[in-house]
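Values below: all heavy atoms of this structure, side chains included; hydrogens, waters and symmetry mates excluded.
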Amino acid sequence: MRVGSPGFRTGCWKMDVQVAPLRPWDDFFPGSDRFGRPDFKDISKWNNRVVSNLLYYQTNYLALAAAVICLVGFLSPLNMILGATVVILIFMGFVWTSHNKDIVRKFKKQYPTLFVMSIMLSSYFVISMFGGVMVFVFGITFPLLLMFIHASLRLRNIKNKVENKIEGVGLKKTPMGIVLDALEQQEENFAKIADFISKVKE
């Protein structure tokens, strides 16, 4: 992998990965009035909401995913390890390919959801050869689906928006920030952070 290739800037390897703070659960699961259907006609706006929520609530998502993974892993530890290993390896393979093939990189940047779905489908076919389909569905796909649904539906209030913008630079060094950077879903978000801060100062 080229150190200077797009999406993997040299600084990424020097930074210290930090864990984002755990958000209050009453903020993570507020009343129904704080959830709303995304605008399916405006993919860019929907994508920005998902990215913003994934960054802001990433530790809450990690806690929920860890609980599900531990439960499934307790019931079928070997298949859980196999499934996680396959997904990680295929994800790294897809990202490496996207950094060396322009057509794949453009697809990843323009259609991140389809890119991730391609990774999951490829993982599914590989894992199905070893008979670990149910573990893959409940231990890996289900937590990711819950994260995506929550990130798509959770509305943001002014307090959370301001805090998220201020923490934007720090969030770049979190695990979720690194994953989103690999998917090239942060550049536009950070440009909007700068615009937002400049407007606040005005």
Side-chain angles (χ1 to χ4, degrees), residues 16-38 46-92 94-95 112-113 115-128 130-157 159-161 163-164 167-168 170-183 185-186 189:
D16 296 325
V17 178
Q18 303 173 357
V19 178
L22 183 71
R23 308 301 176 184
W25 290 105
D26 57 352
D27 178 37
F28 187 69
F29 288 120
S32 59
D33 59 323
R34 297 308 305 155
F35 289 92
R37 188 181 66 176
W46 181 12
N47 182 69
N48 287 334
R49 179 196 286 188
V50 171
V51 169
S52 181
N53 280 327
L54 286 176
L55 284 170
Y56 188 78
Y57 294 111
Q58 60 178 286
T59 304
N60 299 73
Y61 292 137
L62 179 61
L64 289 178
V68 175
I69 291 173
C70 287
L71 176 61
V72 176
F74 176 77
L75 298 175
S76 184
L78 293 180
N79 283 334
M80 189 68 242
I81 294 174
L82 172 64
T85 302
V86 169
V87 172
I88 292 173
L89 291 177
I90 291 180
F91 175 80
M92 293 175 62
F94 269 66
V95 171
T113 301
F115 184 79
V116 173
M117 288 179 63
S118 299
I119 295 174
M120 300 308 292
L121 286 174
S122 300
S123 302
Y124 172 83
F125 286 120
V126 173
I127 294 174
S128 65
F130 299 92
V133 173
M134 295 307 295
V135 171
F136 173 78
V137 171
F138 290 102
I140 299 176
T141 305
F142 184 61
L144 291 177
L145 182 61
L146 290 179
M147 290 167 57
F148 179 74
I149 292 175
H150 183 277
S152 295
L153 298 178
R154 179 65 171 93
L155 300 176
R156 309 299 309 283
N157 56 39
K159 178 182 177 181
N160 286 347
K161 285 183 178 180
E163 187 173 349
N164 198 39
E167 292 182 0
L171 285 170
K172 187 73 171 182
K173 299 180 181 180
T174 59
M176 184 66 73
I178 294 174
V179 172
L180 292 174
D181 189 48
L183 295 173
Q185 294 304 304
Q186 290 230 61
N189 203 42

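In this structure, Gly139 and Pro143 approach most closely via the heavy-atom pair O-CG, 3.5 Å. Considering every non-hydrogen atom in both Leu54 and Met147, the closest pair reads CD2-CE, 4.3 Å. When every heavy atom of Arg154 is checked against every heavy atom of Arg49, the shortest pair comes out as O-CD, 3.7 Å.
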Inset, instruction - Decide yes or no on side-chain contact (heavy atoms from CB on, under 4.5 Å) for Ile140 and Met120, but give the supporting numbers first. - result: CA-CA 9 Å; Ile140 299 176; Met120 300 308 292; 3.7 Å; yes

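Taking a 6.0 Å sphere around CZ of Phe148, one finds it holds more than 12 heavy atoms contributed by other residues, nucleotides or ligands. In the displayed structure, Phe91 atom CZ is contacted under 6.0 Å by more than 12 heavy atoms of other residues, nucleotides or ligands.
Note: Trp25 and Phe29 have parallel aromatic rings, judged against thresholds of 30 and 60 degrees for the angle between ring planes. Taking the six-membered ring for Trp and thresholds of 30 and 60 degrees, Phe28 and Tyr61 have ring planes more than 60 degrees apart, a perpendicular arrangement.
Separating the CG atom in Leu121 from the OG1 atom in Thr141 is a distance of 9.0 Å, to the nearest 0.5 Å. Interatomic distance, Ile127 CD1 to Ser122 OG, rounded to the nearest 0.5 Å: 10.5 Å. The OG1 atom of Thr59 lies 11.0 Å from the CG atom of Leu64; values are rounded to the nearest 0.5 Å. If you take CD on Gln58 and CG on Leu22, they are separated by 11.0 Å, rounding to the nearest 0.5 Å. Atom CG of Asn53 sits about 8.5 Å away from atom CG of Leu155, to the nearest 0.5 Å.
Side chains of Thr85 and Ile81 form a contact here, defined as non-hydrogen atoms less than 4.5 Å apart. Under the 4.5 Å side-chain criterion, counting only non-hydrogen atoms from C-beta, Val126 is in contact with Ile90.
No hydrogens or angles considered: a donor-acceptor pair under 3.5 Å links the side chains of Asp27 and Tyr57.
The backbone N or O of Asn60 sits nowhere less than 3.5 Å from a side-chain atom of Arg23 that would complete a donor-acceptor pair.
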